[in-house]
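Working notes, structure below.
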Amino acid sequence: MTEYDAGANRVDTSTAHSARVYDYFLGGKTNYPVDEELAETILAVDPTVRNTALVNRWFMHRATRWLSQNGVRQYIDIGTGIPTEPNLHRIAQEAAPASNIVYVDNDPIVIRHAEALLDSAPEGATDYIQADVRNPGRIIEAAGRIIDFGKPVALSVIALLHFVSDEDDAYGIVRRLVDALAPGSYLVLAHVTGDFDPENAEKVVALYRKRSGTTLRPRTREEVARFFQGMELVAPGLELAPQWHPELSRDESAAGDTPVPVYVGVARKV
Ligand SMILES: C[S@@+](CC[C@H](N)C(=O)[O-])C[C@H]1O[C@@H](n2cnc3c(N)ncnc32)[C@H](O)[C@@H]1O
């Protein structure tokens with residue numbers, strides 16, 4: 001079963017959308033000329049962005065392998081993006097078929113491709129909710145269809161929170177979501193930073209704002225660390241994406257020497 005907001009279900013092809021721009025960076029086909037145009041303008045400013053997108057996606061692969069090896073059988077993946085093989089449930093259910101996964105995104109284009117997200121192993125289940133992370137109560141309520149909140153859950157917000165401004169209370173949203181989880185649950189986070197090239201980051205922020213009306217809010221290492229307050233970061237801690245358990249890579253290519261301005265971490269709720 002999937003749930004979505006029919007009123008918000010129109011795919012707007014006149015303005016670039018972050019999910020489709022990211023799909024373009026990843027080499028996908030689910031994007032429109034406006035998305036390609038913005039993506040190419042960003043690449044002209046910073047050609048490393050494509051590599052950054054790929055390396056970010058590979059972090060999701062490794063983090064899911066780690067979680068699965070550490071006994072997690074329930075996942076809520078918010079800002080899941082346009083399906084790209086392998087999706088999270090493929091990795092989780094490969095190791096433990098009886099895993100349940102709820103995908104959440106606010107972009108109506110994702111629901112059009114939801115079959116790819118919903119082809120669960122028969123032993124487990126997948127579900128899809130079209131919702132905005134800024135409405136955490138709705139996500140928690142709908143996720144309850146297949147998530148047992150009395151047991152540990154991995155909540156992933158990978159490359160999502162830099163699209164949530166401070167004014168929209170990014171920290172409060174994460175707190176509300178984590179508060180709903182049982183002890184032993186995990187927060188999995190990847191977040192863009194401007195720490196290494198603030199000038200370039202500012203240019204990309206301006207492009208997103210001007211060309212798609214999207215808020216992009218890169219955060220410093222300290223600001224990203226705040227999302228984990230009250231939780232225990234698992235080793236190796238808050239790292240740049242390529243440095244997080246590289247030994248769990250499978251067929252992902254090596255990141256090479258290109259800088260990757262994405263902080264990642266996995267923390268346990270105690
Ligand atoms: C850069 S993509 C990341 C996709 C995937 N998590 C990954 O890392 O490969 C960001 C996703 O977040 C979604 N998104 C952005 N703002 C959102 C919001 N306020 N609520 C829910 N999803 C949002 C976008 O539609 C897009 O699919």
Side-chain angles (χ1 to χ4, degrees), residues 3-5 8-9 11-12 15-28 30-32 35 38-39 42 49-64 75-91 101-114 116-117 128-140 142-143 154-170 172-174 176-177 187-192 204 208-209 212-218 241 244 252 260-266:
E3 179 187 296
Y4 60 93
D5 175 355
N9 205 25
V11 173
D12 173 13
T15 314
H17 276 223
S18 64
R20 296 168 349 207
V21 171
Y22 181 70
D23 178 74
Y24 182 85
F25 289 143
L26 290 178
T30 311
N31 50 73
Y32 296 91
D35 307 307
L38 175 54
I42 292 170
V49 170
R50 175 165 272 139
N51 184 62
T52 298
L54 280 168
V55 171
N56 170 72
R57 187 78 189 164
W58 295 335
F59 163 68
M60 183 279 279
H61 297 179
R62 300 196 306 283
T64 308
Y75 300 80
I76 302 176
D77 183 32
I78 309 181
T80 189
I82 291 161
T84 303
E85 281 299 329
N87 291 302
L88 192 152
H89 71 282
R90 276 242 200 274
I91 299 171
I101 295 93
V102 172
Y103 291 111
V104 183
D105 205 285
N106 72 342
D107 192 318
I109 195 134
V110 179
I111 187 86
R112 305 268 172 113
H113 299 271
L117 298 175
Y128 178 77
I129 304 165
Q130 187 183 325
D132 197 297
V133 71
R134 291 169 294 187
N135 191 350
R138 172 143 179 270
I139 293 173
I140 292 158
L155 169 76
S156 53
V157 283
I158 301 178
L160 168 68
L161 295 170
H162 45 243
F163 295 118
V164 182
S165 64
D166 296 345
E167 293 72 29
D168 277 340
D169 195 18
I173 289 167
V174 171
R176 271 202 68 193
L177 290 164
L187 174 65
V188 185
L189 192 147
H191 199 298
V192 158
V204 175
Y208 266 103
R209 188 175 47 236
S212 75
T214 302
T215 298
L216 180 67
R217 168 68 166 93
W244 199 91
E252 298 89 354
V260 177
V262 176
Y263 288 119
V264 304
V266 175

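These numbers come from the heavy atoms of this one structure, side chains and all, not from hydrogens, waters or symmetry mates. Indexing begins at 1, ligand by ligand and atom by atom, following the structure's order. The structure presented is a predicted model; accordingly, all values stated were derived computationally and were not measured.
When side chains are defined from C-beta on, Asp105 counts as touching Tyr128, because their heavy atoms get closer than 4.5 Å. You'll find the side chain of Leu161 reaches within 4.5 Å of the side chain of Leu189, heavy atoms only. When side chains are defined from C-beta on, Leu177 counts as touching Ile140, because their heavy atoms get closer than 4.5 Å. Inter-residue side-chain proximity for Asp12 and Tyr32 is flagged as unmet; no heavy-atom pair is nearer than 4.5 Å. Residues His17 and Ile109 are not in side-chain contact: their nearest non-hydrogen atoms beyond the backbone lie 4.5 Å or more apart.
For the pair Arg57 (side chain) and Thr84 (backbone), a donor-acceptor distance under 3.5 Å is present.
Contact shell of ligand 1 (protein heavy atoms, cutoff 4.0 Å): Ser18, Ala19, Tyr22, Asn56, Arg57, Gly79, Thr80, Gly81, Asp105, Asn106, Asp107, Ala131, Asp132, Val133, Arg134, Ile158, Ala159, Leu160, Phe163.
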